[in-house]
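Okay, structure first, notes after.
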Amino acid sequence: MFQPNRFAVSPVLPQVVVVGSGMVSHRFVEQLRAQADAACLRVTVVSEESRLAYDRVHLSSHFDQPRPDLALATPAGYAELGVDVVFGRATSINRTARTLQVGDTELSYDVLVLATGSFPFVPPLPGKDAAGCFVYRTLDDLDAIRAAAEALPTSATGVVVGGGLLGLEAAGALGKLGLKTHVVEFAPQLMPAQLDAEGGGALRRKIEGMGIGVHTGKATSEVQVDGAGRVTGLAFADGSSLPADLVVFSAGIRPRDELARSSGLSVGERGGIAIDDRCVTSDPAVYAVGECALHDGRVYGLVAPGYSMAKVAAASLLTDLGLNPASEARFTGADLSTKLKLLGVEVGSFGDARGATPGARTVSLSDNVRNTYSKLVLSEDGLRVLGGLLVGDTARYGDLLDLSLSGTPLTVPPETLIVPPLPGATEMPATANALICSCENVRSEAVCSAVAGGARDVASLKKCTGAGTGCGGCVPQLHGLLQTELRRLGETVSNHLCEHYPHSRQELFGLIRVKGWQSWDEVLEAHGSGSGCEVCKPAVASILASLHNDYVLKPQHAPLQDTNDAFLANIQKNGTYSVMPRIPGGEVTPEGLIAIGEVARKFGLYCKITGGQRIDLLGAQRDDLPAIWTDLIAAGFESGHAYGKSLRTVKSCVGQTWCRYGVQDSTSLAIRLELRYRGLRSPHKLKSGVSGCTRECAEARSKDFGLIATEKGWNLYVGGNGGVTPKHALLLAEGLSEDALITLLDRFLMFYVRTADRLQRTSTWLENLEGGLEYLRAVIMDDTLGICADLDAAMQHHIGTYEDEWAAALSDTAGLARFRTFINSDARDNAIEWVDERGQIRPAPLQPALLHGLVPLPMAGGDD
Amino acid sequence: MTLTLSSPSTAWVRVCKLDDILPGAGVCALVDGAQVAVFRVTYRGADRIFAVGNHDPYTSANVLSRGLTGSYTAVDGLRFKVASPLLKHAFDLETGVSLDDPALRLPVYAARAKGGDVWIGLAV
């Protein structure tokens, strides 16, 4: 409930109370605080949801794995900004006394801002409240949908009522949950508010192609319910029906204006709180912004107009309070042009898309082969673009939108604007100052001058222009523009490792190998500049390790290693580490299991079985690592290199030894391979799998190298991975003996280690290898480059010089001092806190991070 | 702990030997209850000692002493930085300013190597 202001401000400071904590409310608060800090204005946000503002535009990504954090605001972030938060529903306004009632709390205001948003409209159908019926508006709604979907059998059906923008979003979300999905729309076509019949048809064919059922022209008459009150389907006015286990209503939204209505503010006939161009309601002390507001007879259901209102309202309000000179900012309506991606289909609609202008003419191209549709609405004389629609391909959206906004007379026949370019033809020249980011209204000129002013990456472009910080849909365009602009400015877009080395990893590997460099200092002196950085230091350390197989924590190498290699364990979010002993092929004795269990118990570690068939022990304090490894090594274990860009595991099934289907001994081969390649430092992590028959239980084809048994021998696959972009490994050779496959693997791995880019997995390396798999075969099977003997020798050197890094670390007593938490004290980090979860430790939840929206730099991957 | 007063306003606290920090690496010292990340950056044969807060504000974990040090080119020439080992956000070692968000700044401590030892200066 209400928390008294933590800031020691005088009680005479003006108080702004904002009702609602959605995207527009958040933008308003940011705008307000940017111009007036806590010393001159008190701000309180009232939030009905238990969460503060989050990104509702990307709601369906809540079902993605990993689940993105959609939060835009946090209590801690608001506390930093000096914004108070009250959780609860605002029930009434006393406009005379200027107070707002929230539960039992009464808040006084000088200015009240209503940003109450909207609610989903549910048609008044019999059975609409049955178990299994949902709306799609909040994260709580999505959590409820997920919980219900998870309780259903795998073949269950989900139906979305409403084929508009939000309905299709919802359909995408149901698809992500694995439901067989249908969309039901009352109008004869999809997205009737934005598209015409042709466009709707193209969209429909695309969506049906994804396996989603589309039912248009269907008036739902009843939600069918079983005896237990659970939804079983929908009945339609035409007598037909559709079975359903889960129903989501997405039949439009209505402004949340009940608070305004009950306090006597002017509202529209069909809802919406009436505002003027300054976003002031019929009461000069009350503002309204976003989806709840009615401006000039229109309610806007998009975020961009809401953001414009937020900006205008913040400026006007500060003027009203005497904190700003008179503001000229006015909201004069918004362009409803939109470009979005629904279920992966690009849809764009701009200007007078429906040809409502008297005398308007159209030119359209409907391509039933690619299922794309483009339409231009032209002025009566055919000389100006008034608007248009694009379905399936919105590459020209920005240019066409610009033509319609500027009203520039056309200099080319209009049909050429929508015909895809002929192969080899030059691209249509971009409009001089094309709109890049429609959320923030940023045009290409602004982006180009930011690049000229020194911005060299998307993150800094976002920071200085604001582009890409709204829905994020223009980020690829922003990236493209950046590359083009850099080239135009004569800057080469390079594959150099970083600013310290003007070489790619492959070039640097060649130089270090040929020159025989043994240390960072030699490499930097000969080929680099400055004092290196977090990119080139680990890259050079990895190359030196690949070539010489030196102990990575020798004094000359240790400061180069990323923290995981530096402490031979994987750092976790709170700064503690995870420990993973090697369990070759996933085979472990009862004594081994007991020993691991005892170590975990002794040091209070959280235990988890990994996907790589081993056991991860988490929550180890850095200064416990040597003692943990003393015990593990005594029990016969060695480092599992889960921390390194190196071979992780070779996963296997039990194979012919146990399985009635197995045709080869997959476990033994997996162990042999894991022991052969353990410790091999490589450009990225390496994973492998060996399956004893074609049923592929070890998932070998999702690995960097995998083997699948046949009666005739082993089939060898290379270049697969899971991760962000899963790839199936490709068949390199079949019917191999163990010795033959090992020869090929030795060469494959060494060739990859020598020629790949930094952090490039085998799949991308193979894709970028000119000549692809055929070329790889030529190099490692036919020895066309004459390097096979060299690759074989390099692998022999690696195998011959392998030593367990943890055994080496423990015998290096001087080096063990590095594992202490503090150089001058035996204390430990007192900020590490644990809570109990299901009988084990887990890190105590953080105070929500101070800063959001900062893009973490690309991470190199998970633990195992 | 040895205290030496070099000026009326700075108390110098010895935290370790210079040789306790490998060139290019960092350690964490507990100074007056605060976790201080101390770095030894070697450039063109000369050692420089930097000290900033050990707390990474982006991840709220005490990890910066375990970050990799390096240099970057700024308008005013070569400067030194450290990148957090967690999400790789980098900070200028001299000013503590985040290279991702100029509004964010780590606490910075006076630091020096003297007599083979490393000292952290505290305002008194």
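So you know, we letter chains A, B, ... as the sequences are listed, proteins then strands, and number each from 1.
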#### Entry: Trace of the side-chain contact (heavy atoms from CB on, under 4.5 Å) decision for B:R14 with A:N824
CA-CA 9 Å; B:R14 179 195 171 277; A:N824 60 345; over 6 Å; no

### Task
Output yes when a side-chain donor or acceptor of B:R66 lies under 3.5 Å from a complementary backbone atom of A:A566, and no otherwise.
no

## Note on the structure
Note: vs chain A, highest number of non-hydrogen pairs under 4.5 angstrom among B:A25, B:G67, B:S65, B:C28 is B:C28

### Query
Among B:N62, B:L78, B:V27, B:V63, who wins on heavy-atom pairs under 4.5 Å with chain A?
B:N62

### Message
Which one wins on heavy-atom pair count under 4.5 Å against chain B: A:Q561, A:E525, A:Q556?
### Response
A:Q561

### Query
Who wins among A:S460, A:C533, A:G532, A:A827 for the most heavy-atom pairs under 4.5 Å with chain B?
A:G532

### Message
How long is the straight-line distance from OG1 of A:T821 back to CG of B:L30, given to the nearest 0.5 Å?
### Response
10.0 Å

#### Entry: Atom pair CG (B:L68) and OG1 (A:T563), whose distance is rounded to the nearest 0.5 Å
8.0 Å

### Query
Under the salt bridge (charged side-chain N to carboxylate O under 4.0 Å, His left out) test, which residues partner B:D92, sequence neighbours left out?
B:R79

### Contact origin within B:F80 toward chain A - heavy atom pairs under 4.5 Å
side chain

### Query
How long is the gap from CG on A:N830 to CD on B:Q35, to the nearest 0.5 Å?
6.5 Å

### Message
Under 4.5 Å from any heavy atom of chain B, what part of A:N574 do you find: side chain, backbone, both or neither?
### Response
backbone

### Proximal component of A:R622, with respect to chain B [non-hydrogen, under 4.5 Å]
side chain

## Note on the structure
The interface call for A:S825 against chain B, heavy-atom contacts under 4.5 Å, is side chain

### Query
Of all of B:A29, B:G26, B:C16, B:P23, which one pairs up most often with chain A through heavy atoms under 4.5 Å apart?
B:A29

### Message
Using 0.5 Å steps for rounding, measure from the OG atom of B:S71 to the CD atom of A:E499.
### Response
6.0 Å

### Query
Does the side chain of B:S60 come under 3.5 Å of the side chain of A:K573 through a donor N or O and an acceptor N or O?
no

#### Entry: Winner by heavy-atom pair count (cut-off under 4.5 Å) against chain B, out of A:I832, A:I823, A:V535
A:I823

### Query
Applying a criterion of heavy atom separation less than 4.5 Å, what residues of residues 38-48 of chain B form contacts with chain A?
B:V41, B:T42, B:Y43

#### Entry: With sequence neighbours excluded, residues passing side chain to side chain contact (heavy atoms under 4.5 Å, CB included) with A:D521
A:S519

### Task
Please list, chain by chain and in numerical order, all residues satisfying salt bridge (charged side-chain N to carboxylate O under 4.0 Å, His left out) with A:R758, sequence neighbours excluded.
none

